[in-house]
Undergrad: 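This is the structure I want to talk about, given as structure tokens.
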Amino acid sequence: MSRRPWARSLRTRLLVLVTVTLVGVCAALALTTVLAQRAYLMGTLDDRVNAAAERSMDGAALHPELPADLAFLREGGHTEGLLAARLDAAGHLVSAAVVTRDAAPRTLTSAQRAALTGIRADGSLHTRTVPGLGTYRVTALDASGIRVLTGLPMDDVRATLGRLVEIEAVVGAAGLALAGGVCAIVIRRQLRPLDRVAATAVEVTRVPLGHGQVTALPRVPARDTDPGSEAGQVGAALNRMIDHVEASLAERRRGEERMRRFVADASHELRTPLTSIAGYAELMNRVAPDLAWRSVLTESARMTDLVEDLLLLARLDEGRPLQTAEVDLAAVVAEAVWDARAAGADHFWRLELRPDTPASVTGDAARLHQVVAHLLANARTHTPPGTTVTATVESTAGRHLIRVRDDGPGIPPDLLPTVFERFTRADTSRSRGPGAQGGAGLGLAVAAAIVGAHQGRIDVTSVPGRTEFTVDVPAASDAVSPPVVLSGLNPVSHSPSASSEPSKS
């Protein structure tokens, strides 16, 4: 598709506009010059024609008794190409001849005479094209019944005008080329400040402002912010806008830091009273085991878990480093599955360990255990009794994979894109076991944050009957060890071919 005229660059539009203006001015000047020169040459020629006509009339008046006499043409001093004719009372040509160089005047042919008919002897000037002779400027005079037609060729006038047009065309083209080049250079130099302003704006657009890690944005140079020019005004306005953006980003960072500190401080301060509540509730449960005290104990445990999750998220948001050591993922997953089996006896739990390389990573063992525990608890909470949940550990080149899948009803499609966001819950659309309590929607967010802190990633796929979470973390070493199989769970798979259904998130 062709570019629209207004979509071209300002430099191109200015150059085109200046060029069109110069072409128009040069054309007007050339036309005016040609018309003025033509008027001058034609006036001079007309004067010569009138003078020649009067001389011819004087010559014809010497012999009034000879109406066809052109003897005056034989006299010396006549211009080559001078045309003369005698007319009768009706205006018809009686005789006509043209002066030639070094020869007697030549009589005009009938075709040439026909071109001169119809001219009245009133002294007015006419332009006629005579075959074989060219274009003539002619006039006819009448004095005491003597009528004479006289004409002079216009070849000199036409040749002069032609040469003038050629000269003006050459000079005009050269002038336009020179003026166009000068204008292009001047326009380019004058628009350089605007180009620098545009380049600064492009640099700003490439800065990842949404990540919140910007320290200093590019600025328009001081030389391009002079308010005395339009480009300087744009540059100054852009700098002011960048200042506002930086101030907004700084304020946002301060707000986020204050929020993280608040959550961390609140979580830290809440842990002590919650611990006290849990201790007293446990004591009362031993002294007077009552349902109400058991509820207090349960709710305090839930509050403690929530505060611990908030505190962990706040610390991870602040970028605090985790404890690092070499961790055996197989042992972590096996321990988490044993714990899940004890907490969810109404589900079937399967463990598959099939590493081709040692399943060891560098990280925080407690946090990695927390990731697997959250995934297993998520599957237990949001699937009905009898669901099979399978945990798998796999090893590839430089990576280790933990897969947790179940054969439950699956995650609703509208929830799947936000499943790892904080406080995401879908209690109304998930199957839950009897007496299960809904969480705060932080489990998967905590798992994703921990995996990210270990330079890994976590993904989920879900359809009815199969939901699978995949944790991908880098390996600690490339040492090779034989496959590890743990048994004793209900039931156990020992090979990669063992089948198990996916899990829920």
Side-chain angles (χ1 to χ4, degrees), residues 278 282 294 297-309 311-312 322-323 325 327-355 359-361 363-394 400-408 432-451 454 458 467-471 473 484-494 498 500-505:
E282 179 67 21
R294 286 196 297 272
L297 184 62
T298 301
E299 293 304 318
S300 66
R302 292 183 61 192
M303 290 182 66
T304 301
D305 291 341
L306 175 60
V307 171
E308 292 291 345
D309 288 343
L311 179 60
L312 177 59
L322 299 174
Q323 296 181 1
V327 180
D328 184 358
L329 281 185
V332 170
V333 174
E335 182 181 355
V337 171
W338 278 102
D339 294 342
R341 178 176 180 272
D346 52 356
H347 285 64
F348 292 94
W349 303 93
R350 309 177 75 175
L351 176 63
E352 297 179 3
L353 302 179
R354 40 186 176 180
S360 60
V361 299
D364 190 324
R367 297 309 178 194
L368 291 173
H369 180 276
Q370 188 175 0
V371 171
V372 182
H374 276 310
L375 297 179
L376 295 174
N378 184 72
R380 183 186 72 248
T381 303
H382 298 294
T383 57
T387 300
T388 299
V389 182
T390 303
T392 305
V393 179
E394 302 176 4
H400 294 309
L401 302 179
I402 301 174
R403 303 184 188 274
V404 176
R405 63 183 181 272
D406 66 60
D407 56 1
R432 300 166 62 185
Q437 299 295 322
L442 291 177
L444 294 180
V446 170
I450 295 174
V451 173
H454 284 81
I458 184 170
T467 298
E468 181 173 274
F469 287 87
T470 302
V471 176
V473 291
V484 178
V485 178
L486 299 180
S487 60
L489 300 180
N490 175 26
V492 180
S493 299
H494 299 280
S500 66
E501 298 293 286
S503 100
K504 266 205 137 157
S505 65

Undergrad: Given side chains that start at C-beta, do those of Val361 and His454 come closer than 4.5 Å, heavy atoms only?
TA: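 No, side chains not in contact.
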Undergrad: Between Thr387 and Gly408, which heavy-atom pair has the shortest distance, and what is it?
TA: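 Smallest heavy-atom distance, with atoms named: CG2-N, 3.8 Å.
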Undergrad: What pairs with Asp328 under side chain to side chain contact (heavy atoms under 4.5 Å, CB included), at least two apart in sequence or on another chain?
TA: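 Partners of Asp328 by the side chain to side chain contact (heavy atoms under 4.5 Å, CB included) criterion, ordered by chain and then number, come out as Ala330, Ala331, Ala359.
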Undergrad: Tell me every residue that passes side chain to side chain donor-acceptor pair (under 3.5 Å) with Arg403, counting only those two or more places apart in sequence or in another chain.
TA: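 So Arg403 forms a side chain to side chain donor-acceptor pair (under 3.5 Å) with Glu394, Glu468, Thr470.
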Undergrad: Give me the atom names and distance for the closest heavy-atom approach of Ala391 to Leu376.
TA: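 Closest approach of Ala391 to Leu376, heavy atoms only: CB-CD2, 4.5 Å.
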Undergrad: So, using side chain to side chain contact (heavy atoms under 4.5 Å, CB included) as the criterion, who are the partners of Ala377 when residues are at least two apart?
TA: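 Expected list: Arg380.
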Undergrad: Taking atom NE2 of His369 and atom CG of Asp364, what is their separation to the nearest 0.5 Å?
TA: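 Here the rounded value is 12.0 Å.
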Undergrad: Could you please spell out the steps behind the side chain to side chain contact (heavy atoms under 4.5 Å, CB included) verdict for Ile402 and Val332?
TA: CA-CA 10 Å; Ile402 301 174; Val332 170; over 6 Å; no
Undergrad: Between the main-chain N or O of Ser360 and the side-chain N or O of His400, is there a donor-acceptor pair closer than 3.5 Å?
TA: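 Yes, because the side chain of His400 sits within donor-acceptor range (under 3.5 Å) of the backbone of Ser360.
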Undergrad: Supply the atom-to-atom distance His374 NE2 to Arg367 CZ, rounded to the nearest 0.5 angstrom.
TA: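 Going from the NE2 atom of His374 to the CZ atom of Arg367 covers 9.0 Å.
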Undergrad: Can you give me the closest heavy-atom contact between Ala336 and Ala373, atom names plus distance?
TA: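 Answer, listing the atom of Ala336 first, then Ala373: CB-N, 4.3 Å.
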Undergrad: With side chains defined as the heavy atoms from C-beta onward, is the minimum distance between Glu335 and Val372 less than 4.5 Å?
TA: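 No; the side chains remain at least 4.5 Å from each other.
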Undergrad: Please lay out, stage by stage, how Ile458 and Leu375 fare under the test side chain to side chain contact (heavy atoms under 4.5 Å, CB included).
TA: CA-CA 11 Å; Ile458 184 170; Leu375 297 179; 4.2 Å; yes
Undergrad: Any idea which heavy atoms bring Leu368 and Ile450 closest together, and the distance?
TA: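 Looking at all heavy atoms of both residues, the closest pair is N-CG2, 4.5 Å.
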Undergrad: Distance from Thr390 atom OG1 to Arg350 atom CZ, nearest 0.5 Å?
TA: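 If we round to the nearest 0.5 Å, Thr390:OG1 and Arg350:CZ are 5.0 Å apart.
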Undergrad: Which residues pass the side chain to side chain contact (heavy atoms under 4.5 Å, CB included) test with Ala449, sequence neighbours left out?
TA: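 Leu313, Leu316.
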